[in-house]
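Taking it in order: structure first as structure tokens, then the write-up.
This one's a predicted model, so the numbers in the text were calculated from it and none came from an experiment. Just the heavy atoms: all of them, side chains too, but no hydrogens, waters or symmetry mates, feed the values below.
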Amino acid sequence: MNIAIVIILGVLMLAAAVTALYLKSLSAAVIAAGAVSLLASVIYLLLAAPDVAMTEAAIGSALTTVVFLYALSRMRGTKKEDPRD
Amino acid sequence: MEILGGIFAIAGSVFLFLAALGLIRMPDMYDRMQAGTKATTLGTMLFLIGLAMAEPQWVGKSALLILFVIFSNPLSSHALARAAYHAGISLGERAACDELAGACEDEEETA
Amino acid sequence: MIKRFLAIIALLGAAAVLLPFVLKLPTEEALPGLASEYIENAPGELGAANLVTGIIVTYRGLDTLGEVAVLFAATAAVGLLLKRTGNEGGVSHWRASEILESGGGFLFPLIILYGVYIFLHGHLTPGGGFQGGVVIATGFLLLLLSGSVNSFNHTVMSLVESFSGFAYVAVALAGLIWAAGFLDPRFLPQGDFGRLFSAGAIPVIYSLIGLKVGAELIGILDAMRCKVRREGVTA
Amino acid sequence: MADQLFNIAAVIMLISLVLAIVRLLIGPSVGDRAVALDAMTIISLSLIGWIALSTGRGIYMDVALVYGLISFVGIVAIARYLERGL
């Protein structure tokens, strides 16, 4: 039962990761990468590693997403809306 | 008591399934948001109540989780809906009218 | 076309190299030497109910010290690279909605409390200093996102960070003086197994790590944020 | 009996997780993907509850709480990015 769930979630994770590579929009790719780390966290928990699952959920799903989004918004700020251009 | 918890859990998971089905079947983004946030809140609450019935010593953590879901899920869906409207995601072909049109222009400021 | 073909060939080669490891993986039932040593001796020696955090703080304590130092270096580098020059950051922002602002203000104490719970119970439940620090930083991030706070007090942040880093090394040195060696937590009483005040100095070390990680991550997030243009503010 | 009921619930939740991730993968706009990520988070939170029940470890509920709390902030960050408020 557990192994079957791990395999299903792993296939979903792989699909999300490949989609994150091939998406044109950068923010959509960031969301897909967040989904990858959410699923990875559940898989870690199924493999009986709660500490790693907690770290993955904390780092992967919020902090890297937010850092990516901050970087994207800085790029957007310099490209389009800079009043000095 | 455990059987009752299991029935609650089945009901919750059915609501989660309906939410995911609505996420697939609904025509535009705002309808999908209706399905994907309201129904999941109810489904998770029912599932956690069932969990607390099946394992009575986890009542505290389940109650904390339910409280958190009640407060956070409407908040995030509100933020998403507002952001989607401001980002210009269309209401879809079948929307009858857009009552927010023109209501948001004076909100922009460099706060 | 030929490029894609080469990529598929390379993937198949990697699969052929990695396949024996995958096939070998589930058959190893017995633990290797060091791990079984840890599992046999650690609960009696340390008194920590959560074995993983006990190992991370004591047996692998130097690694944890190194990780904290690496995080400190990353914070310093981000702060240096994204230093304000004063006239930049001319991005106009949408103000967050009022619902988000008051909801964030309501959830913020809950999140901070939960972060403190995580790093205080690091020796009993999963999680520990690092995870607790991340949760605390997430709470402050929620305040930033909801727009109720525009900047943090850098003096307090750097004070908390340097104090906790200093105290971490001081606790490690106390282990050197009163116990078996550097980063040995057994100079405090062991207490009852599974209680909050047990496992020697592990909760103290984890609280310090949590404060330090939280302050550092808040520093990174604050440095990465686009500062809002000042002159256009309508009171 | 009760265990079987919970297992059925877990299977239904897995199916709904698959449906939600399908929306995340095909969603035409960024908002669709963000909504799908939100739904995925909540469904996986219930799934973590089921894992805690089936392994009999109450400490896993801590992981569920951290998971929900932190991904909530992530969703809010995505929303604020979309409305150019970040």
Side-chain angles (χ1 to χ4, degrees), chain A residues 1-2 4-5 8-9 11-13 15-20 22-23 25-39 41-74 76-77 80-81, chain D residues 7 10-11 13-15 17-18 20-45 47-52 54-55 57 59-82 84-86:
Chain A
M1 184 75 183
N2 262 3
I5 296 177
I8 291 172
L9 291 181
V11 169
L12 292 182
M13 203 171 111
V18 172
T19 315
Y22 282 97
L23 279 175
S25 151
L26 281 180
S27 47
V30 168
I31 293 175
V36 171
S37 59
L38 283 180
L39 290 173
S41 167
V42 179
I43 289 180
Y44 281 133
L45 196 65
L46 274 171
L47 297 178
D51 293 85
V52 190
M54 206 183 251
T55 313
E56 180 68 36
I59 299 293
S61 72
L63 271 183
T64 48
T65 307
V66 170
V67 167
F68 275 138
L69 290 178
Y70 272 136
L72 282 182
S73 79
R74 284 183 87 94
R76 188 167 65 183
K80 283 180 193 162
E81 300 178 357
Chain D
N7 286 346
V11 169
M13 283 190 296
L14 264 182
I15 294 170
L17 193 65
V18 173
I21 205 169
V22 165
R23 176 49 74 191
L24 189 137
L25 299 187
I26 67 172
S29 70
V30 183
D32 289 312
R33 296 176 205 272
V35 170
L37 184 65
D38 195 9
M40 252 180 71
T41 304
I42 298 292
I43 295 169
S44 336
L45 202 146
L47 201 60
I48 289 178
W50 174 76
I51 294 170
S54 70
T55 55
R57 292 186 168 186
I59 51 174
Y60 284 6
M61 299 292 277
D62 284 0
V63 181
L65 200 47
V66 169
Y67 192 88
L69 204 141
I70 281 186
S71 52
F72 157 67
V73 178
I75 297 285
V76 173
I78 291 169
R80 291 290 285 157
Y81 171 77
L82 284 182
R84 301 178 175 247
L86 203 64

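- D/Leu82 CG to A/Ser73 OG: the interatomic distance, rounded to the nearest 0.5 Å, is 11.5 Å.
- Atom CD1 of D/Ile48 is separated from atom CG of A/Leu45 by 5.5 Å, given to the nearest 0.5 angstrom.
- Heavy-atom distances place the side chain of D/Val66, and not its backbone, under 4.5 Å from chain A.
- In this structure, the portions of A/Ala48 lying under 4.5 Å from any heavy atom of chain D include both its backbone and its side chain.
- Residue D/Asp32: no heavy atom, backbone or side chain, is found under 4.5 Å from chain A.
- Of the inter-residue distances, the one linking D/Tyr67 atom OH with A/Glu56 atom CD reads 10.0 Å to the nearest 0.5 angstrom.
- For the residue pair A/Ala57 and D/Ile70, the shortest heavy atom distance occurs at O-CG2, 3.6 Å.
- Both the backbone and the side chain of D/Leu25 come within less than 4.5 Å of a heavy atom of chain A.
- Listed options A/Ile31, A/Leu23, A/Val30 were ranked by heavy-atom pairs under 4.5 angstrom with chain D; first place goes to A/Ile31.
- To the nearest 0.5 Å, atoms CG (A/Leu47) and CD1 (D/Ile51) are separated by 9.5 Å.
- When each of A/Gly60, A/Ala53, A/Ser25, A/Ala58 is scored by its heavy-atom pairs under 4.5 Å with chain D, the top score falls to A/Ala58.
- In this structure, chain A has a heavy atom under 4.5 Å from the side chain of D/Ile21, while its backbone stays farther away.
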| said: side-chain contact (heavy atoms from CB on, under 4.5 Å), that's the test. Do D/Leu14 and A/Leu9 meet it? Break it down for me. | reply: CA-CA 9 Å; D/Leu14 264 182; A/Leu9 291 181; 4.1 Å; yes

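- One finds the CG atom of A/Leu12 at 8.0 Å from the CE atom of D/Met40 (value rounded to the nearest 0.5 Å).
- Here the straight-line distance linking atom OH of D/Tyr81 with atom OG of A/Ser27 works out to 4.5 Å at 0.5 Å rounding.
- Closest heavy-atom contact between D/Val63 and A/Pro50: CG2-O, 4.0 Å.
- Comparing D/Val18, D/Leu47, D/Thr55, D/Leu69 by heavy-atom pairs within less than 4.5 Å of chain A, the highest count is held by D/Val18.
- A side-chain contact (heavy atoms from CB on, under 4.5 Å) with D/Leu17 is found for one member of A/Val42, A/Ile8, A/Leu39, A/Ile5 and no other, namely A/Leu39.
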| Given the rule in the side-chain contact (heavy atoms from CB on, under 4.5 Å) test, do D/Ser44 and A/Leu38 qualify, once you have shown the distances and angles that lead to the verdict? | CA-CA 8 Å; D/Ser44 336; A/Leu38 283 180; 5.6 Å; no

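- Taking chain D as the reference chain and counting heavy-atom pairs below 4.5 Å, the highest number among A/Thr65, A/Leu46, A/Leu63, A/Val18 is found for A/Leu46.
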